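Notes to accompany the following structure.
On a predicted model such as this, the values are computed, not experimentally measured, just so you know.
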Amino acid sequence: MNDFFEQVYAIVGKIPYGKVVSYGEISWMLGRPRSAREVGRAMRFCPEKLPCHRVVRADGSITGDSHAEVRKILLENEGITFLPGGRVDMKTHRWSG
DNA sequence: ACAATGACCGTCG
DNA sequence: GCGACGGCCATTG
């Protein structure tokens, strides 16, 4: 594992209840302003211990291949409000370390 | 080294 | 709001 992934996992694990972070935000925190793809690749491994469902796109859209719907439900279950269109209310739940 | 791909991002029409 | 284009970074054949 690279430090980058470790950092990603660390941050994702630190996301508070009822908050979400975008791939770009995470990549920016780790010093890679445009490496959001790497974050996405890290998410792809998707360890169960990680709340990967709290990681969404910059506009609040849910992304995650087949599990997108499931994650949306999980977020709703955690108290995250959704906007019409199936997007997360980033305006309220956007988290910055 | 090159081209293609990807759980992305921002801008433009 | 949506689709197209370019850019960034890492991985793979």
Side-chain angles (χ1 to χ4, degrees):
Chain A
M1 281 314 231
N2 302 330
D3 290 327
F4 187 82
F5 279 46
E6 298 276 320
Q7 295 288 328
V8 174
Y9 295 143
I11 291 174
V12 174
K14 280 168 183 150
I15 301 174
Y17 183 93
K19 292 284 178 186
V20 293
V21 190
S22 66
Y23 294 90
E25 282 290 313
I26 297 176
S27 56
W28 192 274
M29 295 162 143
L30 302 182
R32 296 226 151 83
R34 280 86 185 178
S35 273
R37 287 197 161 85
E38 298 311 298
V39 179
R41 192 154 304 126
M43 294 290 84
R44 186 184 121 176
F45 296 114
C46 218
E48 302 265 341
K49 51 182 298 190
L50 248 66
C52 48
H53 54 268
R54 287 185 192 149
V55 183
V56 297
R57 277 177 69 153
D59 60 348
S61 321
I62 303 298
T63 178
D65 196 44
S66 356
H67 293 289
E69 293 296 316
V70 180
R71 290 174 30 199
K72 189 168 75 169
I73 295 171
L74 287 171
L75 292 168
E76 288 182 308
N77 188 37
E78 293 196 357
I80 292 176
T81 57
F82 274 76
L83 296 172
R87 302 192 320 254
V88 179
D89 189 353
M90 297 299 279
K91 190 175 146 84
T92 303
H93 300 293
R94 184 166 155 232
W95 178 71
S96 324

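- With contacts defined as side-chain heavy-atom distances shorter than 4.5 Å, the pair Gln7(A)/Ile26(A) does not qualify.
- At a threshold of 4.5 Å between non-hydrogen side-chain atoms, the residues Ile62(A) and Phe82(A) count as touching.
- Residues Phe4(A) and Arg41(A) form no side-chain contact, since every pair of their non-hydrogen atoms from C-beta on lies 4.5 Å or further apart.
- Put simply, CG on Leu50(A) and CD1 on Ile15(A) are 8.0 Å apart, with the number rounded to the nearest 0.5 Å.
- Within 4.0 Å of Gly64(A), counting heavy atoms only, lies at least one base atom of the nucleic acid.
- With contacts defined as side-chain heavy-atom distances shorter than 4.5 Å, the pair Glu38(A)/Val8(A) does not qualify.
- Taking atom CE on Met43(A) and atom P on dC9(B), their separation rounds to 13 Å, with Å as the unit.
- Judged by distance alone, the side chain of Arg71(A) and the main-chain N or O of Val55(A) form a donor-acceptor pair under 3.5 Å.
- Of the residues in residues 48-59 of chain A, those lying under 4.0 Å from DNA chain B by heavy-atom distance are Arg57(A), Ala58(A).
- Applying the side-chain hydrogen bond (donor to acceptor under 3.5 Å, both in side chains) rule to pairs touching residues 43-55 of chain A yields His53(A)-Glu78(A), Arg54(A)-Glu78(A), sequence neighbours excluded.
- With rounding to whole Å, Tyr23(A) atom OH is found 14 Å from dG10(B) atom P.
- Side chains of Met90(A) and Val20(A) form a contact here, defined as non-hydrogen atoms less than 4.5 Å apart.
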So which protein N/O to nucleotides 10-13 of chain C N/O distances come out below 3.5 Å?
residue, atom, partner, partner atom, Å
dA10(C), O4', Glu38(A), OE1, 3.1
dA10(C), O4', Glu38(A), OE2, 2.7

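- What separates CZ of Phe4(A) from P of dC8(C) is a distance of 16 Å, to the nearest Å.
- The separation between Arg87(A) atom CZ and dC2(C) atom C1' is 12 Å, rounded to whole Å.
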